[in-house]
Amino acid sequence: MKIKSVFIHSKQLRSVFFMKRISFVLLLLLLLPVFTEAQGDLLITPRRVVFEGNNQREEITLANTGQDTASYSISFIQYYMNDDGSFEEVTDPKPGQIFADSYLRYFPRSVELAPGESQVVRMQVRRKPNMAEGEYRSHLYFRAVPDEKPLGENDLKVDSTSIGIKLTPIFGISIPIILRIGKLSASVTLSDLKMEKKADTPPRLSLVFNRSGNRSVYGDLNVYYISPEGEEVSVGIVRGIAVYTPNTVRRFSLQLNIPEGVDISAGKLRVKYTSSNEAESKVYDEKELILN
């Protein structure tokens, strides 16, 4: 009976020790930074592809800018853009959203790139009869394939009572692939311009993009400060801001870069949103915000 009592006490001690170790591991996971540098050295050109008119083929160049050989699998993924510009993965189309992957072919489906090596991924449109007019969009997803060592390689003798955890961060990046069918158009207006000032932090400008039409928009936002004397200076620029269909609104905020010695307590801001397409450069909208 005495021996049984000692055994139970020992089992309880091991249980307490195990729970403490688990708590330590969970705390370590919360504090442990996740590094993806080794798998994140992928340069993709261009960063978006648009098929429209008679354009049937495009090429995407992948380049490994890192110092290690990297492998990537290539597939399609579907995203919906939220009002704040973030993306949400979807499996079924939102109302008004149509996917492009069923009408596209690409090759290869996976690549292995040595340091400094590049490779071309070729894409081709497979238009089908009686396709509905509109903008079709999917995202081409490049997922890093971890370099897994064979079982038994570099195995080390460890304490079998301890807990071993191996974290393998997976790097992935996607680019939009857009297919436009028919004569599409879109317009954008800027609204709700507001200056946000907080102590000891640079001022921010918030605004709303309002899109209308049956295609997405993609452009650059430029912000200029105009002094009461009429002098103009650039205080902010953001390139490649998109509002994808079926979204009609995108809320945006940017930090202003105020040059030293410039006082923006008076005067005004001029905000301009322009198309990023050099062949179709246009000003979508331009607004002014009076500062006081």
Side-chain angles (χ1 to χ4, degrees), residues 35-81 85 87 89-91 93 97-129 131 134-149 168-182 184 215-220 238-245 275-281:
F35 297 98
T36 59
E37 182 179 354
Q39 295 182 341
D41 299 312
L42 179 65
L43 178 64
I44 303 176
T45 308
R47 295 301 302 269
R48 67 195 300 266
V49 175
V50 178
F51 292 97
E52 57 185 338
N54 296 324
N55 184 17
Q56 301 287 332
R57 294 179 176 84
E58 286 286 353
E59 292 184 349
I60 301 170
T61 301
L62 312 179
N64 182 3
T65 61
Q67 299 181 353
D68 299 313
T69 297
S71 299
Y72 297 90
S73 63
I74 307 173
S75 60
F76 277 112
I77 191 170
Q78 316 300 346
Y79 280 127
Y80 175 80
M81 173 180 274
F87 285 96
E89 184 177 356
V90 296
T91 54
Q97 182 181 16
I98 44 181
F99 299 144
D101 58 316
S102 299
Y103 309 97
L104 298 169
R105 292 188 299 182
Y106 64 95
F107 180 83
R109 299 298 178 96
S110 63
V111 296
E112 181 176 288
L113 300 174
E117 186 179 13
S118 62
Q119 183 166 338
V120 169
V121 176
R122 293 177 172 83
M123 300 199 70
Q124 182 178 3
V125 176
R126 297 187 300 174
R127 285 184 170 88
K128 297 181 181 180
M131 289 181 65
E135 182 173 276
Y136 300 68
R137 174 173 54 87
S138 293
H139 290 246
L140 199 60
Y141 181 53
F142 303 86
R143 179 182 180 275
V145 179
D147 182 17
E148 297 289 353
K149 295 182 178 179
T168 304
I170 303 299
F171 170 82
I173 186 170
S174 65
I175 64 172
I177 311 296
I178 295 172
L179 171 59
R180 291 172 178 157
I181 303 296
L184 311 182
R215 55 169 281 184
S216 63
V217 294
Y218 183 80
D220 303 330
V238 182
R239 300 192 183 277
I241 301 177
V243 186
Y244 290 120
T245 58
S275 169
S276 297
N277 187 351
E278 296 181 357
E280 189 189 1
S281 181

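All of these numbers come straight from a predicted model, not from anything done at the bench.
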K.L.:
Is there a side-chain contact (heavy atoms from CB on, under 4.5 Å) between Phe51 and Met123? Walk through the geometry before answering.
P.N.:
CA-CA 10 Å; Phe51 292 97; Met123 300 199 70; 4.0 Å; yes
K.L.:
Does a side chain donor of either Arg137 or Gln78 reach within less than 3.5 Å of an acceptor in the other side chain?
P.N.:
no
K.L.:
Would you find a donor on one side and an acceptor on the other, under 3.5 Å apart, between the side chain of Thr65 and the backbone of Asp41?
P.N.:
yes
K.L.:
Do Ser216 and Ile178 have side chains that get closer than 4.5 Å, going by heavy atoms?
P.N.:
yes
K.L.:
Is the shortest side-chain heavy-atom distance between Phe142 and Leu42 below 4.5 Å?
P.N.:
yes
K.L.:
Are any of the side-chain heavy atoms of Pro108 and Val121 separated by less than 4.5 Å?
P.N.:
yes
K.L.:
Mind checking what makes side-chain hydrogen bond (donor to acceptor under 3.5 Å, both in side chains) contact with Glu89, not counting sequence neighbours?
P.N.:
none
K.L.:
Quick one: does Val120's side chain get under 4.5 Å of Ile60's, heavy atoms only?
P.N.:
no
K.L.:
Show, in sequence, the C-alpha distance, side-chain angles and deciding distance for Thr61 and Ile44, and conclude whether the side-chain contact (heavy atoms from CB on, under 4.5 Å) test is met.
P.N.:
CA-CA 6 Å; Thr61 301; Ile44 303 176; over 6 Å; no
K.L.:
Please find the pair of heavy atoms, one from Asp68 and one from Asn64, that lie closest to each other, and give the distance.
P.N.:
O-ND2, 2.8 Å
K.L.:
Going by side-chain contact (heavy atoms from CB on, under 4.5 Å), name the residues that satisfy it together with Asp220, two or more places apart in sequence or in a different chain.
P.N.:
Asn222, Arg239, Thr274, Ser276
K.L.:
Going by the rule ring pair (Phe, Tyr, Trp, His ring centres under 6.0 Å), which residues pair with Tyr136 if we only count those two or more places apart in sequence or in a different chain?
P.N.:
Tyr103
K.L.:
Taking side-chain hydrogen bond (donor to acceptor under 3.5 Å, both in side chains) as the definition, give me every residue that meets it alongside Arg105, ordered by chain and number, with sequence neighbours left out.
P.N.:
Gln124
K.L.:
Using the test ring pair (Phe, Tyr, Trp, His ring centres under 6.0 Å), find all partners of Tyr79 that sit at least two apart in sequence or belong to another chain.
P.N.:
Phe87, His139
K.L.:
Do you know the tightest heavy-atom contact between Val50 and Asn55?
P.N.:
O-ND2, 3.3 Å
K.L.:
Side chains of Pro93 and Phe99: closer than 4.5 Å at any heavy-atom pair?
P.N.:
yes
K.L.:
Please name all residues satisfying ring pair (Phe, Tyr, Trp, His ring centres under 6.0 Å) with Tyr106, sequence neighbours left out, ordered by chain then number.
P.N.:
Phe76
K.L.:
Applying side-chain hydrogen bond (donor to acceptor under 3.5 Å, both in side chains), can you list everything that pairs with Arg57, at least two apart in sequence or on another chain?
P.N.:
none
K.L.:
Any pair with a residue in residues 109-119 that passes salt bridge (Lys or Arg N to Asp or Glu O under 4.0 Å), sequence neighbours left out, goes on the list, sorted by first then second residue, please.
P.N.:
none
K.L.:
Any side-chain heavy atom of Arg127 within less than 4.5 Å of one from Leu179?
P.N.:
yes
K.L.:
Who pairs with Leu184 by side-chain contact (heavy atoms from CB on, under 4.5 Å), at least two apart in sequence or on another chain?
P.N.:
Glu133, Glu135, Arg180, Asn214, Arg215
K.L.:
Hey, is the main chain of Asp101 close enough, under 3.5 Å, to the side chain of Ser138 for a donor-acceptor pair?
P.N.:
yes
K.L.:
Mind checking side-chain contact (heavy atoms from CB on, under 4.5 Å) for Ser102 and listing every partner two or more places apart, or none if nothing turns up?
P.N.:
none
K.L.:
Mind checking side-chain contact (heavy atoms from CB on, under 4.5 Å) for Pro46 and listing every partner two or more places apart, or none if nothing turns up?
P.N.:
Val49
K.L.:
Which residues satisfy the side-chain hydrogen bond (donor to acceptor under 3.5 Å, both in side chains) test with Gln97, sequence neighbours excluded?
P.N.:
none
